[in-house]
Amino acid sequence: MISDDERGTDRQRGTDGRRVVLVHAHPDDESITTGGTIARYAAEGAHVTVVTCTLGEEGEIIPPALSELGAWAGDQLGGYRSAELAAAGRALGWTAHRYLGGMGRWRDSGMAGTPSAEHPRAFVGGDLDQQAEQLTAILDELRPQVVVTYDSHGGYGHPDHIRAHEITMAAAPRAASVQRVFHTVSSRRAVTDGLAALRAAGDVGFRVPADDELPTTPDEAVTTVVDIRAHRWRKFAALAAHETQVDVGPDCFALSNGIAQPVPGAEHFVLAHGPAEGAETDLFGGLR
Ligand SMILES: CC(=O)N[C@H]1[C@@H](O[C@@H]2[C@H](O)[C@H](O)[C@@H](O)[C@H](O)[C@H]2O)O[C@H](CO)[C@@H](O)[C@@H]1O
Ligand SMILES: [Zn+2]
């Protein structure tokens, strides 16, 4: 329920009473998976907050000139990526940003099986309940009706993504304002169609993968399709802001692995908690 008082307070703040919090693991995930949705709801007047759980300290680095920032060298990548994240926020127009536990509290754990998971501040090594309480405090402060995170596999299995899912699913029930929780997913049909278009376009500067190389969700499991076509340009600007992690190509992007990923005109979600009626094309649809 979005009460009149809440709407009134939000109107004073310049937003329309709708409030969403999106919980992501690393700087870049917010733009890659939900950049269009962030841009759309922010442009429409909703209060949009992104929570980022780590600074992405263990990331690879695409531009050779920046390689000495890496964890294996100067170990300055986290700070640099926080600036990339701020630039992405300006491109998408979100209302607010929070780092879980404060900036630098939790460190990027690295890909599964890497030693960086043993770092004393590694996100996956932290106390899950403490991290969930940190997120609950943010939710109690911001009072969103809607929360977004990854599915139980973290989208593609990254340990930090899985932990972000776990703490969000633990925190959301503790926050009285939350009516819906969604998982961001990649639509199998949208990815397949996007890859076919990239193959037809010829050389896009990256390797175009086979359909089954990218993690996707069967479309019969998708509950919510958010049209982001009018805001897709903002998503590309935000992706470009994450220059250490993302290369933007013609109608696509690639991470440091050089594998082309399409950018569909919609972003897709699975409703994990809350009323389904009205949620088909709008995260807030049907909520009073
Ligand atoms: C999108 C995402 O979650 N990126 C993570 C990921 O980065 C990938 C990782 O370095 C992998 O080895 C590369 O092949 C791939 O191209 C990268 O996107 O893991 C990083 C380390 O935890 C993390 O910093 C990055 O944000
Ligand atoms: Zn990530």
Side-chain angles (χ1 to χ4, degrees), residues 22-35 38 50-64 66-67 69-88 97 99-100 103-104 106-119 121-126 131 148-168 183-186 191 205-209 213-216 235-236 238-249 252-263 267:
L22 302 100
V23 184
H24 284 290
H26 312 109
D28 70 9
D29 293 310
E30 81 295 327
S31 299
I32 294 168
T33 59
T34 57
I38 291 168
V50 170
V51 175
T52 306
C53 296
T54 78
L55 290 173
E57 300 91 335
E58 295 293 333
E60 297 180 357
I61 296 173
I62 296 172
L66 299 177
S67 64
L69 292 172
W72 54 89
D75 198 13
Q76 301 300 312
L77 183 56
Y80 195 89
R81 289 182 72 176
S82 70
E84 293 180 334
L85 184 61
H97 179 271
Y99 284 103
L100 186 74
M103 189 172 182
W106 303 110
R107 184 179 171 95
D108 182 345
S109 307
M111 294 289 273
T114 55
S116 36
E118 304 309 314
H119 187 285
R121 289 186 294 107
F123 185 38
V124 294
Q131 294 168 342
V148 176
T149 193
Y150 313 111
D151 63 18
S152 58
H153 186 52
Y156 71 96
H158 192 296
D160 288 338
H161 288 221
I162 293 170
R163 177 54 68 94
H165 163 85
E166 292 168 341
I167 70 168
T168 305
H183 296 161
T184 170
V185 297
S186 289
V191 169
F206 311 119
R207 180 175 75 82
V208 180
E213 281 188 66
L214 297 179
T216 57
K235 180 166 182 171
F236 275 104
L239 290 170
H242 289 287
E243 62 172 334
T244 60
Q245 305 301 306
V246 182
D247 249 338
V248 172
C252 65
F253 70 94
L255 303 174
S256 58
N257 56 16
I259 296 173
Q261 298 191 46
V263 180
E267 290 174 348

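Each ligand, and each atom within it, is numbered from 1 in the order the structure gives. In this text the structure is predicted, and so the values were computed from the model without any measurement.
Contacts of His242 classified as ring-ring contact (aromatic ring centres under 6.0 Å, His included), with partners at least two apart in sequence or in another chain: none. Looking at residues two or more places apart in sequence or on another chain, you find no side chain to side chain donor-acceptor pair (under 3.5 Å) involving Gln76. Under the rule for a salt bridge (Lys or Arg N to Asp or Glu O under 4.0 Å), the partners of Arg81 that lie at least two apart in sequence or sit in another chain are Asp28.
The heavy atom nearest to atom 26 (O) of ligand 1, out of those in Arg81, Arg107, His158, is found in Arg81. By heavy-atom distance, the residue among Ile61, Asp29, Leu55, Asn257 lying nearest atom 1 (C) of ligand 1 is Asp29.
The Ser256 neighbourhood of ligand 1 comprises atoms 13 (C), 15 (C), 16 (O), 17 (C), with distances under 4.0 Å to a heavy atom of that residue. Less than 4.0 angstrom separates some heavy atom of His161 from each of these atoms of ligand 1: 3 (O). Those atoms of ligand 1 that come under 4.0 Å of a heavy atom in Glu58, given as number and element, are 21 (C), 24 (O). Those atoms of ligand 1 that come under 4.0 Å of a heavy atom in His26, given as number and element, are 3 (O), 5 (C), 26 (O). Applying the 4.0 Å criterion to heavy atoms of Gly110 picks out, from ligand 1, the atoms 21 (C), 22 (O).
Ranking protein heavy atoms by distance to atom 2 (C) of ligand 1, first place goes to Tyr156 OH, 3.1 Å. Scanning all protein heavy atoms for the shortest distance to atom 18 (O) of ligand 1 gives Leu255 CD1, 3.4 Å. The nearest heavy-atom contact from the protein to atom 11 (C) of ligand 1 is Met111 CE, 3.8 Å. In this structure, atom 24 (O) of ligand 1 lies nearest to the protein heavy atom Asp108 OD2, 2.6 Å.
At under 3.5 Å, not a single nitrogen or oxygen of Gln245, backbone or side chain, sits near a nitrogen or oxygen of ligand 1. Considering both main-chain and side-chain atoms, Gly59 comes within under 3.5 Å of ligand 1 through a nitrogen or oxygen pair. Some N or O of Glu60 is nearer than 3.5 Å to an N or O of ligand 1, by distance alone. Checked against a 3.5 angstrom limit, the closest N/O atoms of Asp160 and ligand 1 fall outside it.
We find the NE2-OG1 distance between His24 and Thr168 to be 9.5 Å, quoted to the nearest 0.5 Å. The line from CD1 of Ile61 to CH2 of Trp72 is 4.0 Å long, rounded to the nearest 0.5 Å. We find the CG-CG distance between Asp108 and Leu55 to be 9.0 Å, quoted to the nearest 0.5 Å. Note that the CD1 atom of Ile259 and the CD atom of Glu213 stand 5.5 Å from one another [nearest 0.5 Å]. Taking CG from Asp160 and OG from Ser109, the interatomic distance works out to 3.5 Å, rounded to the nearest 0.5 Å. Note: Thr52 OG1 to Met103 CE = 10.0 Å, rounded to the nearest 0.5 Å.
With 3.5 Å as the limit, one finds a donor-acceptor pair spanning the side chains of Glu84 and Thr244.
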List the steps, then state whether side chain to side chain contact (heavy atoms under 4.5 Å, CB included) holds for Thr33 with Glu267.
CA-CA 7 Å; Thr33 59; Glu267 290 174 348; over 6 Å; no

Side chain to side chain contact (heavy atoms under 4.5 Å, CB included) between Gln245 and Leu77: does it pass, once the steps are laid out?
CA-CA 11 Å; Gln245 305 301 306; Leu77 183 56; 4.2 Å; yes

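Remark: the backbone N or O of Arg121 is not paired with any side-chain donor or acceptor of Arg107 at under 3.5 angstrom.
Put simply, no part of Glu57 is less than 4.0 Å from ligand 1, judged by heavy atoms.
Put simply, the residue from His161, His158, His26, His183 that forms a ring pair (Phe, Tyr, Trp, His ring centres under 6.0 Å) with Tyr150 is His161.
Annotation: protein N, O or S atoms under 2.8 Å of the Zn ion (ligand 2) (waters excluded) comprise His26 ND1, Asp29 OD1, Asp29 OD2, His161 NE2.
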